[in-house]
Amino acid sequence: MKSNTSVLLSIVIAIVGFAVIKLSQLTIDGAFLFAIGALASGIALQFRGTKKSVSPKKEVSEGDFSTTTLYVGNLPYRANEMAIRSLFSEHGQVLSVRLMKDKHTGKRRGFGFVEMPEKDANNAINALNEFEFQERSLKVREANERAPQAESAPTSDKPL
DNA sequence: GTTGAGCGTT
């Protein structure tokens with residue numbers, strides 16, 4: 001889509017450059033060189049863009065499988081996200097780990113959220129709930145849904 | 001630097 005535009009742009013630049021150089025009483029060879037150079041650069045850019053557009057096609061190994069957010073409570077204050085991630089990774093794939101910290105002081109509040117696929121989530125709950133982690137009994141359950149998401153910017157509240 | 005039931009940010 002955009003590559004076509006860039007090629008078109010390069011062609012336009014080549015033609016315009018050709019005309020300008022020709023009008024500025026330079027040699028025809030110079031105008032040709034300019035035009036060819038512009039075209040070549042445009043084509044080269046298109047090739048690079050194509051290759052780059054093909055390469056970033058990894059990740060998304062799970063696709064849009066149903067994910068469950070787990071609430072993890074009674075965490076030791078010295079626990080960090082890496083430890084929690086590695087601990088939950090032993091019972092399923094961990095998509096994300098978030099240990100909630102106080103926004104004012106930045107200190108950990110002792111609980112967090114772990115996002116996993118549903119099957120792994122149940123497995124992790126059964127395996128890690130009330131599991132002794134660093135002298136603390138973990139509390140793992142399904143997390144309640146996040147705060148009522150304010151839908152975008154309410155410019156005008158009008159029920160149709 | 002502390003504390004110990006709980007459910008939360010781009």
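The sequence lines fix the lettering, A, B, ..., with proteins before strands; numbering per chain opens at 1.
For Phe113(A) and dG8(B), the ring-to-base geometry satisfies the stacking test (centroid distance below 5.5 Å, interplanar angle below 30°).
Nucleotide dC7(B) holds its P atom 16 Å from the CG atom of Leu70(A), rounded to whole Å. Distance Asp102(A) CG to dT2(B) C1': 14 Å, rounded to the nearest Å. With rounding to whole Å, Gln134(A) atom CD is found 15 Å from dG4(B) atom C1'. Per the geometry, CG belonging to Leu99(A) stands 17 Å off P belonging to dC7(B), to the nearest Å. The distance between atom CZ of Arg78(A) and atom P of dT2(B), rounded to the nearest whole Å, is 11 Å. One atom, CE of Met100(A), and another, P of dT3(B), lie 22 Å apart when rounded to the nearest Å. Taking atom NZ of residue Lys139(A) and atom P of nucleotide dG8(B), one finds them 16 Å apart after rounding to whole Å. One atom, CD of Glu115(A), and another, C1' of dT10(B), lie 13 Å apart when rounded to the nearest Å.
Phe133(A) is listed as a side-chain neighbour of Ile84(A), based on a closest heavy-atom distance under 4.5 Å. At least one side-chain heavy atom of Arg78(A) sits under 4.5 Å from a side-chain heavy atom of Gln134(A). In this structure the side chain of Leu75(A) never reaches within 4.5 angstrom of the side chain of Arg136(A), judged on heavy atoms.
The residue among Lys103(A) and Arg109(A) whose nearest nucleotide of DNA chain B is located toward the 5' end is Arg109(A).
Each of His91(A), Gln93(A), Arg85(A) was compared with Ser89(A) under the side-chain contact (heavy atoms from CB on, under 4.5 Å) criterion, and only Arg85(A) meets it. If you run side-chain contact (heavy atoms from CB on, under 4.5 Å) between Glu81(A) and each of Val97(A), Val94(A), Val114(A), only Val97(A) comes through.
Contact annotation: side chain of Tyr77(A) to base of dA5(B), donor-acceptor pair present below 3.5 Å. Between the side chain of Lys107(A) and the base of dT3(B), no donor-acceptor pair under 3.5 Å is found.
Glu142(A) comes within contact range of at least one nucleobase, with a heavy-atom separation under 4.0 Å. Looking at heavy-atom distances under 4.0 Å, Gly73(A) makes no contact with the nucleic acid at all. When heavy atoms are screened at a 4.0 angstrom cut-off, Leu75(A) is found touching base atoms of the nucleic acid.
Proximity note for Ala143(A) (side chain, C-beta onward) versus dG6(B), dC7(B), dG4(B): the nearest is dC7(B).
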